[in-house]
2 protein chains.
Amino acid sequence: MPAEPSSVNLEEWFDRLEDSGYRLTKPLRVVAEVMAKNSYCTLSPTEVYDLGREHYPKLGLVTVYRTLEKLEEVGVIQRVHQAGGCNSYIAAPSGHQHLLICRNCGRVEYFQGIDLTDLVSRVEAKSYYSIQDHWLQLIGLYKSCQ
Amino acid sequence: MPAEPSSVNLEEWFDRLEDSGYRLTKPLRVVAEVMAKNSYCTLSPTEVYDLGREHYPKLGLVTVYRTLEKLEEVGVIQRVHQAGGCNSYIAAPSGHQHLLICRNCGRVEYFQGIDLTDLVSRVEAKSYYSIQDHWLQLIGLYKSCQ
DNA sequence: CGTACAATGAAAACGATTTTCAGTTTCTGT
DNA sequence: ACAGAAACTGAAAATCGTTTTCATTGTACG
Ligand SMILES: [Mn+2]
Ligand SMILES: [Mn+2]
Ligand SMILES: [Zn+2]
Ligand SMILES: [Zn+2]
């Protein structure tokens, strides 16, 4: 059921960005590439900046922020919330999946097979809310960190 | 199943703080009181500061930060993560419960009756992680916000 | 090509949080 | 009740991550 983060199709990312009217610039390509190549772990804007400059030293931190925003907007990456902070991102899986994060090394897996729709609508029926979304994350220790 | 946030026993909070070696000062009491009296909604440090100064004008913002840290450490409040930001807190319910938050007005309910232990251990069995914790939050619209 | 405009990077501004520090308050032991 | 030690406080300053501004550059499109 748990799966390695599906390897990313960078061309598809670029298509989505173009479809949303964004231009495919060098800095954008570099940032996207960094996120795509590190789809198994979370990265903060600064970490993306450092990795990006290895390939493209001119890259500016401001552009990293702006590009992460775009990538999140078109849905190819997502923000990850952790006890230590909520400013890192990871490649989003296709479809709706949940995160399993290692508290120690930050390694990430996605898992499927937990379907909450029944449980959620049961709660909805008994509350005064219309539930639009849910957010489930598992936290633990990866094999080599136990 | 959904329930009004259980009304808070402030004395119990103070006991817990004392047990952890913290001193019961005036500013701490004021901050705790603000969190206890607003157990149905989330508050940012600045909001706590403003509410606190209504009762105790000398209160400093730095002390609010320090006190929220203590309250979280002893487990009587918890940080709430939302799309708009992750810097607000709310009184924690007794025992393990999950949050149901209104996207519009910020109103909060807790709900019980969703037991994930089975689902979670099923995922654990098929992953390389030992799962220590989970984090489930429902997001929607409260009655009067729909 | 040439033009229109989105996107860039550097610097400055900004807001939230943390650190520093000198003075105050709380608790403990007498 | 009292003295002393240590925790705690508020104001100011420092710091950190993020956003805004702006002059310049690069991309898409005809
Ligand atoms: Mn789900
Ligand atoms: Mn649970
Ligand atoms: Zn968060
Ligand atoms: Zn509402």
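Letters go in sequence order (proteins before strands), and every chain restarts at 1. Small disclaimer: the values here were computed from a predicted structure and weren't measured.
Going from atom CZ of B/R53 over to atom P of D/dT9 covers 16 Å, rounded to whole Å. The interatomic distance linking B/L28 (CG) with D/dT9 (C1') rounds to 12 Å, in whole Å. Regarding B/L59, its CG atom lies at a distance of 15 Å from the C1' atom of C/dT24, rounded to whole Å. Spacing between atom NZ of B/K70 and atom P of C/dT26 amounts to 13 Å, rounded to whole angstrom units. Separating the CG atom of B/L68 from the C1' atom of D/dC8 is a distance of 15 Å, rounded to the nearest angstrom.
Linking Ile, Leu, Val, Met, Phe, Trp and Tyr whenever their side-chain heavy atoms come within less than 4.5 Å puts A/V8 and A/V74 in one cluster. No chain of hydrophobic side-chain contacts below 4.5 Å, direct or via other Ile, Leu, Val, Met, Phe, Trp or Tyr residues, connects A/L136 to B/I139. Neither A/L43 nor A/V62 shares a network with the other; the hydrophobic side chains, linked directly or stepwise wherever heavy atoms of I, L, V, M, F, W or Y lie under 4.5 Å apart, form separate groups for each.
With values rounded to the nearest 0.5 angstrom, A/I101 atom CD1 is found 4.0 Å from A/Q137 atom CD. Residue B/F111 holds its CZ atom at 3.5 Å from CG of B/L138, rounded to the nearest 0.5 Å.
Side-chain atoms of B/H96 and B/H134, non-hydrogen and from C-beta on, do get closer than 4.5 Å to each other. B/P93 places a side-chain heavy atom less than 4.5 Å from the side chain of B/Q78.
In this structure, the side chain of A/Q146 engages the main chain of A/L141 through a donor-acceptor pair within 3.5 Å.
At the heavy-atom level, A/Y56 lies under 4.0 Å from the strands shown only through sugar-phosphate atoms.
Of the side-chain N and O atoms in B/K26, none sit less than 4.0 angstrom from OP1 or OP2 of D/dA7.
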Treat primed atoms plus P, OP1 and OP2 as sugar-phosphate and everything else as base, then score nucleotides 16-24 of chain D 5' to 3': B for base contact with protein heavy atoms under 4.0 Å, S for sugar-phosphate contact only, - for none.
-SSBBB---
Check nucleotides 27-30 of chain C against the protein and report each pair of N or O atoms closer than 3.5 Å, with its distance, or say if there are none.
| unit_1 | atom_1 | unit_2 | atom_2 | d |
| --- | --- | --- | --- | --- |
| C/dC27 | OP1 | B/L24 | N | 3.3 |

